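Here's the structure we're looking at; comments come further down.
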Amino acid sequence: MSDTTQTVPPKTGSKSKVFIFGTAVMILAAGIGYQIFTANSADAVVDQPGAAGTAGAMKNFARVNDVFITYEEVAEECIAREGVEVLDNLINRAIIRQACEKRGVTVSDAEVTAEINRIAQKFQMPIETWYGMLQSERGLTPNQYREDVIRPMLSLRKLAGGNVQVTNQDLQTVFERDFGVMVKARMIMFDNFRRAQEIFEKARRNPEEFDQLAMEHSIEPNSRALGGTIPHIRRHSGNDQLVNAAFKLKPGQISGILEIDPGRYVILKCEGFTEPIVTDINQVADDLREQVKEEKIQEAIAKVFEQIRKEARVDNYFTHKSTGGQIKQTSGFQNPANVRPAAASTPGTATIR
């Protein structure tokens, strides 16, 4: 749920919120743009003694007394630390690029620039200020932001199709979620049903001790430290069972034991309800329409990426896994990667041994 993300695991398929940078593309990991640089300067890279002028000479990044630290050593260390994230990012970009080529989808430089300008204007920032913030807070250079974030996002948007329908019911649902009454609540989470039953009986007999019970017994660390206090629960915001149970409670009342996910149980205590600031949907209808449209586009983007990822055959030799496509062993052909089906793996996944 959007307001209990830190404390309550949402149901699969619940609506995701639009990220502040307008690029809610799940596949763009934090390692975007990470590169291993080989400097051209003689001060930064020094050929090993005796190797000057030879083709493919070993290059060094440092020397400690008479011992050189080589490019290969630096590269191996970087790969060991960041290799999985960087490789995943490159794979995802290749999947998107190939899907676009297959479907005849292109994204021009002008479109990338226009989208960046639109996002910067949305947050009322000059483009250079926007770039500066991305550099300082996300570690992204302007070119990395253009090519590793915006271009793939626009490509996925075109693959997903830009036409979405926003109904009056959509507007009403989001209005109730974002502007409606919310439940103020405390929560205790368990991973054992018998334990939940035991603490439920204690809470039912002594509801005034609910916060102390949460601090002693909840397995959720963030709310536990606050005596079970969680963000206000909104309608249409995630786990329907939890939301419906919360809105049926009266102030001071304790819910039954709710199984919100397999092996995850919670008990809620209602501490009251908020007063809505906006009561007329017409006051915010235009903003809501844009918000709903963007959320639907992001959902479509996530779905189309999941689909093209399933269609693409990826052999990741770094993690020893293969995914998507048809994983086959041709008779009489020795696969150099020796791809074998992984035991108890997900469909379309194999382990490379």
Side-chain angles (χ1 to χ4, degrees), residues 1-5 8 10-28 96 103 105 107-108 110-127 129-130 133-134 145-146 149-183 231-240 242-244 246-247 273-308:
M1 1 183 340
S2 59
D3 268 69
T4 57
T5 301
V8 180
K11 276 188 175 179
T12 303
S14 61
K15 287 188 175 181
S16 59
K17 301 292 285 181
V18 179
F19 288 103
I20 188 171
F21 293 111
T23 56
V25 184
M26 298 184 302
I27 49 86
L28 299 176
I96 295 170
R103 293 163 174 79
V105 171
V107 175
S108 68
E111 288 175 301
V112 173
T113 299
E115 178 64 13
I116 295 172
N117 287 333
R118 184 189 70 81
I119 295 172
Q121 290 173 6
K122 179 178 179 180
F123 295 99
Q124 300 179 343
M125 290 186 185
I127 190 66
T129 303
W130 180 250
M133 187 180 70
L134 290 168
Y145 181 59
R146 289 178 61 89
V149 178
I150 298 300
R151 193 180 297 276
M153 183 268 291
L154 290 178
S155 298
L156 284 171
R157 180 173 292 192
K158 286 190 175 185
L159 289 171
N163 296 323
V164 296
Q165 299 297 320
V166 178
T167 67
N168 289 334
Q169 183 57 53
D170 292 330
L171 295 179
Q172 185 63 36
T173 297
V174 175
F175 179 70
E176 291 176 0
R177 184 192 72 192
D178 293 352
F179 295 95
V181 172
M182 295 179 285
V183 181
H232 299 337
I233 300 174
R234 303 168 182 254
R235 294 188 186 276
H236 316 294
S237 55
N239 189 296
D240 292 338
L242 185 142
V243 172
N244 293 337
F247 276 90
F273 299 87
T274 64
E275 290 290 335
I277 298 175
V278 179
T279 58
D280 184 359
I281 191 173
N282 293 318
Q283 292 181 257
V284 291
D286 290 341
D287 290 338
L288 284 180
R289 192 174 299 278
E290 287 302 312
Q291 180 179 336
V292 172
K293 182 179 178 181
E294 186 63 25
E295 288 182 5
K296 286 194 168 190
I297 289 173
Q298 296 301 339
E299 288 175 1
I301 284 174
K303 288 179 181 178
V304 77
F305 178 71
E306 186 64 25
Q307 181 60 38
I308 64 175

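Keep in mind that what you see is a predicted model, and the values were worked out from it rather than measured.
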Fill in: Qualifying residues under side chain to side chain donor-acceptor pair (under 3.5 Å), relative to R146, sequence neighbours excluded
T113
Worksheet item: For D280, what residues pass the side chain to side chain contact (heavy atoms under 4.5 Å, CB included) criterion, not counting sequence neighbours?
Response: N282, Q283
Worksheet entry | Any residue meeting side chain to side chain contact (heavy atoms under 4.5 Å, CB included) with T167, in chain and number order, not counting sequence neighbours | Q169, D170
Fill in: E115 bridged to K122 by N-O distance under 4.0 Å
no
Discussion item. Please give me the minimum heavy-atom distance between A120 and I127, naming the atom from each residue.
Written reply: CB-CD1, 4.1 Å
Worksheet item: Can you tell me if T274 uses its side chain to pair, donor with acceptor, with the backbone of M182 under 3.5 Å?
Response: yes
Worksheet entry | Listed partners of Q307 passing side chain to side chain donor-acceptor pair (under 3.5 Å), at least two apart | E311
Worksheet, complete the sentence: Here the gap from K293 atom NZ to L171 atom CG, rounded to the nearest 0.5 Å, amounts to 13.0 Å
Practice prompt. Could you check if a side-chain atom of I277 sits within less than 4.5 angstrom of a side-chain atom of F179, using non-hydrogen atoms only?
Written response: no
Item to complete: Rounded to the nearest 0.5 Å, what's the gap from CD1 on I233 to CG on L242? Could you check?
Response: 5.0 Å
Item to complete: Locate the shortest heavy-atom distance separating H236 from T173; write the atom from each residue and the value.
Response: CD2-O, 3.4 Å
Fill in: Plane angle bin for F247 and F273 - parallel if under 30°, tilted between 30 and 60°, otherwise perpendicular
tilted
Worksheet item: Which of these, R157, R118, K158, sits in a salt bridge (Lys or Arg N to Asp or Glu O under 4.0 Å) with E111?
Response: K158
Worksheet item: Should R103 and L159 count as side-chain neighbours, where that means a heavy-atom distance under 4.5 Å?
Response: yes
Worksheet item: Of all heavy-atom pairs between G180 and P276, which one has the smallest distance, and what is that distance?
Response: C-CB, 4.4 Å
Discussion item. Using 0.5 Å steps for rounding, measure from the CD atom of E290 to the CD atom of E294.
Written reply: 8.5 Å
Worksheet item: Quick one: side chain to side chain contact (heavy atoms under 4.5 Å, CB included) partners of A300, sequence neighbours excluded?
Response: A160
Worksheet item: Residues in side chain to side chain donor-acceptor pair (under 3.5 Å) with R289, at least two apart?
Response: none
Worksheet item: Can you tell me if K296 uses its side chain to pair, donor with acceptor, with the backbone of Q165 under 3.5 Å?
Response: yes
Worksheet item: Given side chains that start at C-beta, do those of V112 and I116 come closer than 4.5 Å, heavy atoms only?
Response: yes
Worksheet item: I308 versus F305: any side-chain heavy-atom pair under 4.5 Å?
Response: yes
Worksheet item: Where the side chain of R151 meets the backbone of V107, is there a donor-acceptor pair that is under 3.5 Å apart?
Response: yes
